[in-house]
Amino acid sequence: MSVSTDAGRQATAAPTAPYAIELKGISKAFGPVQANKDISIQVAKGSIHGIIGENGAGKSTLMSILYGFYKADRGEIVINGRVTAIPDSQSAIRAGIGMVFQHFKLVQNFTVLENVILGAEEGQMLAGSLAKARRVLRELAEEYELEVDPDALIEDLSVGHQQRVEILKALYRQADILILDEPTGVLTPAEADHLFRILRGLKEQGKTIILITHKLREIMEITDTVSVMRRGEMTATVKTAETSPEQLAELMVGRKVLLHVAKGPANPGATVLDVENLRVKDDQGVERLKGISLKVRAGEILGIAGVAGNGQSELLAVLGGMQAGTGHIRIKGDEIDLTGKHSNGQTRRARGIAHVPEDRQHLGLIMDFTAWENVAFGYHHAPEYQKNRLFMDNDALRADTERKMATFDVRPPIPTLAAKSFSGGNQQKIVVAREIERNPDLLLVGQPTRGVDIGAIEFIHKQIVALRDAGKAILLVSVELDEIMSLSDRIAVMFDGRIMGERDPRSTNERELGLMMAGVTDGGAA
Amino acid sequence: DLGGKFDKSFNEAAFNGATRWAQETGGTFKELEMQSEAQREQALRRLAESGANPVVMTGFAFGDVLNTVAPDFPDTKFAIIDMVVEQPNVKSVVFNEHEGSYLVGMMAALASKTGTVGFIGGMDIPLIRKFGCGYAQGVKAVNPDATVILNMTGTTPAAWNDPVKGAELAKGQKAQGADVIYAAAGGTGVGVLQAAADEGILSIGVDSNQNYLHPGKVLTSMLKRVDNAVYEAFKEGEALAPGINVMGLANDGVGYAMDEHNAALVTPEMQATVDEAAAKIKSGELAVHDYMSDNTCPAATF
Amino acid sequence: MDYATLLQLLDTTLRFATPLLLACLAGLYSERAGVFDIGLEGKMLMAAMSSGAVAALTGSVWLGLLAAIGGSLLFALVHGVASITFRGNQLISGVALNFIASGITVLVAQSLFGQGGRTPPLTGGARSNPVILPFAEPMRDVPVIGPLYYEVISGHSPLVYLALLMVPVTWWVLYRTRFGLRLRAVGENPAAVDTAGVSVRGLRFAAVMITGVLCGVAGAYMATALQAGFGREMTAGRGYIALAALIFAKWRPWAALYACLLFGFFQALALRPDVVEGVVGVKVPVPALDALPYVLTVLVLAGFVGKAIPPRAGGEPYVKER
Amino acid sequence: MTKLPKWADVALVPLISLMLAAIVAAIVLVAIGHDPWNALKVMVDGALGSPYGWGYTLYYTTSFIFTGLAVTVAFHASLFNIGGEGQAQLGGLGVALVCLSMPWPHWTLALAAATLGAAAFGAAWAAIPAYLQARRGSHIVITTIMFNYIAAALLVYLLVDVLRPAGQMDPASARFPEGANLPALNEIPGFNLIFEKAVPANVTLFIALFMAWVVWAILWRTRLGYEIRAFGKSETAARYAGINAVRITMIAMLISGGLAGMMSINNVMGEAERLLQNSSEGAGFIGIAVALMGRNHPVGVVLAALLFGFLYQGGAELGLWTSIPIEMRIVVQGLVILFTGALDMMVRMMLGWLFSLSQSAESVGAK
Ligand SMILES: Nc1ncnc2c1ncn2[C@@H]1O[C@H](COP(=O)(O)OP(=O)(O)OP(=O)(O)O)[C@@H](O)[C@H]1O
Ligand SMILES: Nc1ncnc2c1ncn2[C@@H]1O[C@H](COP(=O)(O)OP(=O)(O)OP(=O)(O)O)[C@@H](O)[C@H]1O
Ligand SMILES: [Mg+2]
Ligand SMILES: [Mg+2]
């Protein structure tokens, strides 16, 4: 089996059909972060090309460059054989490129029609454009099952329908290259299937489609070729027909030595966390958790696997007291409030729950605060940080911070440095140190090693296992399968706000989990 | 006062007095204009501080402040207009505005065709009611069943400098039939006179001679010789005699203005009638009621 | 209260509502485009001074109007540069410009005319004189509507009718033209406009400039029509009342008209406590009438009188992100 | 845009902004035909050239410290309190009611009570907008502006119809009893050696300085201050840490309003010794400039307040000794707010550009 960029070329090369898109040596850096490194791909006309990669791999950045939303530092773009400069979205549209962003770009209180014509109006007056759009939309609807009420307000539409509007926007601008960035991340399986029918229809009409996703199932289901990205680099491009989910997973995660955390067998004790029929609605009133029930016992790590956006974040938020919910949560047997003024981060911490949040930059740390101020974050009421009833004891705090920085090998070990001046990995170490050092009964951990280098990953994993061995309960949420596999004592897979099933890491494999994560239940779900 | 130096009226009169003195004697003077109530004390102290002597201030609002400042500068002489301040080094100058207002009131009644005349005061205080009351008495003296519409611009010093309000009040009074309007409102009066001119009715100026502002449209002006008072004060200089100084018709402290701008409006007969009354007042034969004496007015209700 | 008094009140109301309306519509453009502007007051003041000065110097009200627009545009430009180009704090920029205006107007007027920060009284062609609408005279004697037409509707400065005209115009521009669609979009979700290939900056600057023009007219009206000349602080907080009216009107043109008429009516009432007393029977302190618009606005903001939801992207400088 | 070193951000940015403001102001002066240099001399002489001048400069400084601190505290909770003016005037009402309530035996008692009254009334006036912001999401900037006007109207009513003693013409309260008069600097042993003549600066100055320390202590030494700053930096992170948004918003605004109100013990009790209309004279707004200029740090605020005290006394002197209108100081104030508050990004860009230039120059030199 060939794993090379050539594979991609042979797959689709034909004199009659030049590539719809060719990217040559694209590079893009955001300050210290190299989001794209010398990336080249070719996409044949009338094909569906998939791009997969971990969070932060650089997929969206690459596509944003293709759409003229960002400017590449280096590299050139070739559209239909012609070198095309794409300084802004306007020229991308002119080049026949349409994009459906990860986060929709719709005006909430506008009608579908208004959103569709925005920026593509004919003439100064609206009347004409609206009439035309209404007509065109009707045609498109018939052609590709893209039916939406043209006069509905966006805010009244379901996410799936909003996405259709985005697609319609592109088609209305006669796009023949369509980019979709994680389109199914927000869709229910049914909606996703509908989307794929639409995409196939478009493909038949000779449109070229680039599909960004995390979900292997989708890649296998509808792409012709697929490229894999890792840490800003394009690691491979293969024909879908010639590959397998396992191989793709491997390419995604990289052939790096599967971190083998030295960890003995767990000896679970009494139940610490007992969640029963937990439900959560978001601001839009959409149910994000649909009746979660799970138990975590002392001295064990329960790993929650799942594709981003299937309710893991909400689960952590509720357990951490950041979001209200309904149902029951018991800590060591006694009930805790899920709503009201007694349901917040402070009361949770008082109950011995520590929380390493998924997003260290926006939740776990105040980037403008110094390291020592951040070490008190959430624990600023802790008695050992108080000088007297009035004042905090900043000296004690700084001393404590130095100690923690030493034990967790934070570099540079300077308590007075602003959090934003530490590297991602070291920022994460600060958060982990703060939470683990509280020696909690239950530790909630979200994406503990996202965007963190290998050394730091290993260290953080060690700390988590150590805490387990100290007889504490740990709930680990991660989108990185190998992390789940290597750390967890039990694995629960979440999909669409539900627990799909539970597995023993020793008796399961990435493939089985991957299928469960994709919502493909196998009856055997616990 | 807050009306501002160029209110074409009260403060401008004072300013002119000072200028006249400066021109005649070649002396120099500093003038300070208040932007806000709270500044008065600083301004006063600063002038005294800078060795200015005498310090003349116009407007009752200085009264309270002067009471506290004067003792701190025993060697400095102060003169205050429109207010009585009993301090050894203060000369208080007050005017019999009711007498002057009485005369222009008569003039208004004589000129009015509708039998309705208006009065627009600045800030609603006894002093201004004193104007209005004298005016009303004058009107009634000529035409007992004439109606006098009385409006005040406001209750704060801002009322001295609100031409917009003045204009709207004038328009309102015209709508109610007034065809002569007397404005005793400092800078606000500018708006009144303007509106009256726009609406084609007559107006009466105050303090300074404002006839020239809209020639042929300002019936006359109630002269309040603030300029003389200031002039005198400066002239006396350091030797300023403390005490209360009342300026009325008798000593030409008040009066009404005749010039080429309103000659066409005032017939000799009208002038004769008014002058006759003036003479009576001087001789004490006719006493015009002073509102401030008992805060009541026989001819009008505020 | 008799009919004549009512007419007189309405007449005053219309005069007082005009500057509010112009400023309010001005703010509407800017804020609908997502640029908050509490600097309406300053722009009006600047415009009033410019028009007063130029009209006094040239004797032409129309040159005065141009000057007013110019002066106001200058401030609008600074606001645009600060809040659009340099993504500064729109509110602080507005506050700053209001202070600068309140000071600089006096400085300039004083240095030009030396009359304590006033411009000399305007007369004749230097003023925006009232126009008598057609049929006003003949209709005058028609009962009820005749006087209404003659006293209230007719006999105002052309700028009054311009202001009234601007309401349907604004509505039309906002809801019937391409520019309006994009304007509303950029105030709700600039990213949508950006990804549609339209310049967010361009749109916002255009909106801010329109705001400048309308504030200019408002100021010119103050100095050449409502009053005959400029006086220090002559706008007397009207810019803020207009802001209040804008919120009260929930950023909609027609509602803005009603809000401004209402607030203008309050101002007219404040002139006639006697009338108010006659109607309600008790003596209402004038300050209470003065405060009414502000109190109402707070109630609206608090959502007690229907919730006022500002344009979603309002106040935030636009930064590209996905 | 390169990242600036801390010292540049803290010290250089405000100084450059101030310079820009000064340059523009100078241009304005030249444009209206005055000599900026001479103007500056007049200001320096009048504000700093004599004990008398200092007496007024420090008097204004005192007021501005209070209002500057008020804005600062709100800013740290990312709340923009434009309502200082109204809160200060209400504070004045509090002072007046306390002072007039009884013939005070000694000024210390009166001062203590009046301070409480001022703070309470100021805080109360800030409480409503704060509540509306916290609970109903009403934009606090707009509501505080509205409350400034409502406060002004309320005071006119009270001064005209309620507090004005019979027979007095101007709208003001009665004079405060002797026992409520605060000692001015010229009446304080030690200081009276410098200030022989009566000056308005009074003991309140020391309260202001003390409050500056208190604010610093609250913000950087207490749990409350920690929560305020954390909330101001990131609301979402604050939620993660279990910080109650409503509580913080309320408390921060109450402190802010209280401080704004307390300025009234300086001007109402310490100087005018009666309540006048518009007693705060715009000091509430100057607080914005002072806070921006002082980088929202009490030390910076005190320095900036001194700067504006100088500006105000100097401006008054301009109005007195030159033909430059007193409004000049308002222009400068506006310019400072503009450059420090709205165009700060521009200043930073300029500086960042300069720094990158110098750096590249060095690296070139190194090779
Ligand atoms: N506007 C930006 N400013 C700074 N860094 C950025 C920006 N956008 C992306 N990055 C960084 O560039 C890298 C690639 O981000 P990108 O969003 O392209 O990854 P991705 O593959 O789309 O991730 P995901 O699967 O989560 O969407 C990440 O490290 C991200 O933090
Ligand atoms: N915003 C910032 N301000 C100042 N310095 C920064 C900033 N971001 C990163 N740095 C510094 O630049 C260096 C590289 O940052 P970066 O986050 O890319 O590190 P990294 O390679 O991702 O390391 P890690 O794997 O630990 O995250 C770090 O040492 C950090 O100290
Ligand atoms: Mg992405
Ligand atoms: Mg990193």
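Throughout, protein chains are lettered first and strands after them, A, B, ... in sequence-line order, and every chain is numbered starting at 1.
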Inset, instruction - Pick one of side chain, backbone, both or neither for A:Ile93, based on which atoms fall under 4.5 Å of a heavy atom in chain C. - result: side chain
Legend entry - Straight-line distance of C:Leu181 CG to A:Leu130 CG, nearest 0.5 Å: 7.5 Å
Inset, instruction - For atom CD of A:Gln174, decide whether the heavy atoms of other residues, nucleotides or ligands shown that lie under 6.0 angstrom number more than 12. - result: no
Inset, instruction - Select, from A:Ala120, A:Ala127, A:Gly123, the one with the greatest count of heavy-atom pairs under 4.5 Å involving chain C. - result: A:Gly123
Inset, instruction - List in chain and number order the residues that pass side-chain contact (heavy atoms from CB on, under 4.5 Å) with A:Arg134, two or more places apart in sequence or in another chain; answer none if no residue qualifies. - result: A:Leu113, A:Arg138, A:Pro150, A:Asp151
Identify all side-chain donor-acceptor contacts of residues 65-82 of chain C below 3.5 Å with residues at least two apart in sequence or on another chain.
unit_1	atom_1	unit_2	atom_2	d
C:Ser72	OG	C:Gly212	O	2.5
C:Ser72	OG	C:Gly216	N	3.4
C:His79	ND1	C:Ser93	OG	2.8
C:His79	NE2	C:Phe36	O	3.0

Inset, instruction - Quick one: list whatever passes side-chain contact (heavy atoms from CB on, under 4.5 Å) with C:Pro168, sequence neighbours left out. - result: C:Trp254
Legend entry - Working for side chain to side chain contact (heavy atoms under 4.5 Å, CB included), residues A:Glu121 and C:Phe179: CA-CA 10 Å; A:Glu121 311 89 343; C:Phe179 176 72; over 6 Å; no
Legend entry - Rounded distance [0.5 Å steps], CD1 in A:Ile117 versus CZ in C:Arg182: 9.5 Å
Legend entry - Any residue of residues 193-210 of chain C which, by heavy atoms, sits under 4.5 Å from chain A: C:Val193, C:Asp194, C:Thr195, C:Ala196, C:Gly197, C:Val198
Inset, instruction - Please look at C:Arg312 and chain A and tell me whether the side chain, the backbone, both or neither of the residue comes under 4.5 angstrom of a heavy atom of that chain. - result: side chain
Inset, instruction - Of all the heavy-atom pairs spanning A:Met125 and C:Thr177, show the shortest one and how long it is. - result: CE-CG2, 4.2 Å
Legend entry - Residue part contacting chain C, namely of A:Arg173, when any heavy atom lies under 4.5 Å: side chain
